[in-house]
Participant: 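Let me give you the structure first, and then I'll get to my questions.
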Amino acid sequence: MPLTLAPMIELSRKQDGSQDTAAFARDVADGLSQQQKTLPSRYFYDGAGSRLFQQIMDLPEYYLTRSEFEVLTNNRQTMAEHFAREGFFHLIDLGAGDALKTKILLRELARQQSVFDYVPVDISGDAMLELSSSLQEELPEVKVEAVVGEYFQALEWLQEHKAERKVVLFLGSNIGNFEYQESLEFLGSVRSYLQAGDRLLMGVDLRKNPDVILNAYDDAAGVTAAFNLNLLHRINRELGGDFKVEQFCHHAIYNPLEGVMRSFLVSKVEQQVQIRETGKTFSFEAWEAIHTENSHKYTLRQVEELGSACGFKVETVFYDSQRGFADVLFTVS
Ligand code: TRP
């Protein structure tokens, strides 16, 4: 690693990875011990999972990334002007990943010669290293301070910089992966560390034809299935599990009344699975399901209500041309 890399804070990892493995084992054991089995979606993104998710974003069916790309491209100038209105600010990017979308804004902010620094936050240390070095090449004038950690560590960062001006990015409809109550708590916490003049730009996937939504989470080429099933491979690799992955299948359903897309891994046969690091064996009945992810789709009114319940008011709503996706700019109320 070159010494010239932007400063980097390692918040979440122990050097030997022991904390990660123990926490992963505990979360898996908890989830698989419940009446209705679940596995937490934050474990999707190991190396293999991140590569599969990159492929998902390129799928013809997965409209979300392209739609938001269009929103940001078409509105970057207005967005950047809003951000920089009150002078210097920290731009905090929650779940930055490769920041392909955020770079649209970063280039525009640099073009407008805005005074800011960029704080990408992500659970993937590899992603943050790559992002720091790619930005140093592409946009050397932008000061970057990457944070490796989960959302609650992002909140700690916000708290520590409470008095300074901030614009928080929460793109990609990541908010949709929270339960409604969790989204209230999370946005409420973000809000509590913001002050007058600060802003939140949040990506939300809007209600649309249910077939379009369903296909985005159950693509013809089976990439989403592979992505979901990779969670079992990861448990085998990292926790000494003996999942026979071919005996599980991916299943996705969309409920248009609730606006919730749900993804499952379903056991095709009655079977037992041993996971060494948990010290436990888990029994599956034939066709028993593990719930792995929820993705909420919103009406605009719901987004406004969610914001106002957390102390935000809508400043501007930016849509894609199909009106299927929105980036909503909030100020504090
Ligand atoms: N969390 C993302 C989303 O809701 C990623 C994702 C795409 C996903 N397809 C998935 C998560 C299938 C679980 C299962 O869009």
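Bear in mind the structure is a predicted one, so any value in this text is a computation, not a measurement. All ligand and atom numbering here is 1-based and tracks the order in the structure.
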Participant: Look at E293 together with R262 and state whether they make a salt bridge at an N to O cut-off of under 4.0 Å.
Facilitator: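 No salt bridge links E293 with R262.
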
Participant: Using a 4.0 angstrom limit on heavy atoms, which residues are close to ligand 1?
Facilitator: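 Shell around ligand 1 (4.0 Å, heavy atoms): F44, Y45, F53, Y62, N177, Y217, T224, F227, S263, E293, S295.
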
Participant: What about F325 and Y63, are their ring centers closer than 6.0 Å?
Facilitator: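 Centroid distance F325-Y63: not below 6.0 Å, so no.
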
Participant: Taking everything shown except K268 itself, do over 12 heavy atoms lie less than 6.0 Å from its NZ?
Facilitator: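 Check passes, neighbour count above 12.
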
Participant: Listed by chain and number, what are the salt bridge (Lys or Arg N to Asp or Glu O under 4.0 Å) partners of R111, not counting sequence neighbours?
Facilitator: E108

Participant: Aromatic ring centroids of Y45 and F227 under 6.0 Å?
Facilitator: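 Distance test on ring centres: under 6.0 Å, yes.
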
Participant: Please identify which of these residues, V190, V121, L94, meets the side-chain contact (heavy atoms from CB on, under 4.5 Å) condition with L158.
Facilitator: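 Between L158 and the candidates, side-chain contact (heavy atoms from CB on, under 4.5 Å) is satisfied uniquely by V190.
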
